[in-house]
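Computed from heavy atoms alone, side chains included, the values below leave out hydrogens, waters and symmetry copies. Counting convention: from 1, in listed order, for ligands and their atoms alike.
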Amino acid sequence: MKAPSMAWNLVHAQRRLFSSTARQLGTYGFIGLGQMGYQMAKNLQSKLPPTDSVRLYDINKVAMQQLSDEMRESQAGGATVCLAESASDAAKEADTVITVLPEPQHVKAVYAELISPGLPKRSRLYIDCSTIDPSSSREVAGSIASAGQGQFVDAPMSGGVVGAKAGTLTFMLGSPDALVPTIEPILLRMGKRVLHCGVQGTGLSAKLANNYLLAIENIATAEAMNLGMRWGLEPKTLANIINVSTGRCWPSEVNNPVKGVVETAPANRDYAGGFGISLMKKDLKLAIVAAAEARANLELGERAREVYEEAEKLEACKGRDFSVVYRYIGGKE
Ligand code: NAD
């Protein structure tokens, strides 16, 4: 994809400057108001000045209406809110469009609508925060560029629903260098950190590589804890040793799968909340697809995927935090 020119950035900057004397300063379209998008849109809108506008769209009309009511009733003020009739209606007047959608097919479908001939050509900035595979993301970026609709970047996030609500998400940004100064302040209204990973698509590569590692570490931690306990170790003693030794990782230290080890971990509330097992399974599947495309050998990927898939089928594990694999492998509870 062609890097945006200085002129492109200038147009955006000028549009903002010029319109500061006009009625509206920044115009945003926000598409996908689910668990993450709902909270992100709320933070974005509340941190924008009233001269800006946010046009909301989701196929779930109830979520759209509820969010706009909440925004309008909020004492926090913020940008003007409008409801869109469709994804293209959300995007047509926008300088910046943010999408937070579940899977590759949803992202492709929404952007296929956005490049349909009806949408006026404009140098929009499209920021996709969905977790999808990098090659689907590159395909969408290419179609936006060839349709003359602007620039598309990937900015998947970590921090979960709690981070989305608190505005503390971390974004992994795949974007041309020249666009970073424009994108960063937008994302920082919804999060606390933006990590620029490289060209378009690399935000997703970073996210999937990290989550691949996490998927394996989580299973290995469950197995190691179960193993040690069956050998007679106290779970807290074992975790304390691992956490000052070479086995230390996020699942052992923060999200330990054994009840009573880490007070704030989902294991202490019957694995409620946290990072859902279905999302872990989804990210792992995306990582496996992307690894095959890059001809990267994964020795453990398929087996890990089977573990999450099988675990999710059990009533006792379904819908729970992914550390529930400890229960799936028959860990002592
Ligand atoms: P979600 O399923 O709760 O929300 C997705 C929203 O998209 C829904 O409201 C749905 O109605 C809407 N949608 C689907 N198709 C649409 C279309 N064609 N047009 C408009 N709206 C449409 O998902 P989520 O939990 O908000 O996650 C969104 C993305 O963020 C996913 O890719 C997920 O992997 C990623 N993510 C989620 C979490 C998390 O903890 N939930 C954490 C990090 C990243």
Side-chain angles (χ1 to χ4, degrees), residues 29-44 55-68 83-91 94 97-116 119 126-134 136-137 140 154-174 187 190-193 195 203-204 206-212 214-215 218 250 255 266 271-287 289-290 308 319-323:
F30 204 112
I31 304 169
L33 309 168
Q35 294 211 71
M36 298 294 287
Y38 192 101
Q39 305 298 341
M40 292 162 71
K42 214 167 152 184
N43 275 319
L44 176 71
R55 219 170 169 81
L56 305 170
Y57 181 67
D58 194 294
I59 46 171
N60 177 351
K61 301 284 182 284
V62 178
M64 258 169 81
Q65 190 60 54
Q66 188 183 321
L67 179 57
S68 96
L83 294 184
E85 306 266 313
S86 62
S88 7
D89 185 34
V97 177
I98 298 166
T99 46
V100 191
L101 297 159
E103 306 215 20
Q105 68 267 27
H106 304 105
V107 175
K108 285 182 186 175
V110 164
Y111 282 92
E113 184 187 327
L114 297 185
I115 58 168
S116 63
L119 197 67
Y126 293 94
I127 307 176
D128 182 35
C129 298
S130 322
T131 306
I132 61 169
D133 60 292
S136 295
S137 184
V140 173
D154 52 305
M157 61 237 167
S158 65
V161 181
V162 174
K165 198 167 181 177
T168 56
L169 294 169
T170 293
F171 293 94
M172 285 148 268
L173 176 62
L187 293 178
M190 301 177 284
K192 66 167 195 274
R193 203 178 302 142
L195 306 171
L204 284 162
K207 161 101 185 168
L208 294 183
N210 178 71
N211 281 20
Y212 176 76
L214 176 63
N218 179 54
W250 189 81
N255 212 55
Y271 301 98
F275 184 47
I277 192 164
S278 67
L279 283 176
M280 184 79 262
K281 189 186 78 180
K282 178 201 142 185
D283 289 2
L284 187 51
K285 231 165 99 186
L286 292 171
V289 169
Y308 289 108
R320 293 184 153 76
D321 179 74
F322 75 133
S323 61

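Across Leu208 and Pro134, no two heavy atoms sit closer than the pair CD1-CD, 3.7 Å.
Contacts of Leu83 classified as side-chain contact (heavy atoms from CB on, under 4.5 Å), with partners at least two apart in sequence or in another chain: Leu56, Met64, Gln65, Ser68. Annotation: ring-ring contact (aromatic ring centres under 6.0 Å, His included) contacts of Phe322 (sequence neighbours excluded): Phe275. Take Tyr38 and apply the ring-ring contact (aromatic ring centres under 6.0 Å, His included) test, not counting sequence neighbours, and it matches no residue.
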Tell me, with the steps shown, if Asp133 and Ser136 meet side-chain hydrogen bond (donor to acceptor under 3.5 Å, both in side chains).
CA-CA 6 Å; Asp133 60 292; Ser136 295; 2.7 Å; yes

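For ligand 1, the protein residues placed under 4.0 Å by at least one non-hydrogen atom are Ile31, Gly32, Leu33, Gly34, Gln35, Met36, Tyr57, Asp58, Ile59, Val100, Leu101, Pro102, His106, Val110, Ser130, Thr131, Met157, Gly160, Val161, Lys207, Leu279, Lys282.
A donor-acceptor pair under 3.5 Å is absent between the side-chain atoms of Tyr126 and the main chain of Tyr111, judged by distance alone.
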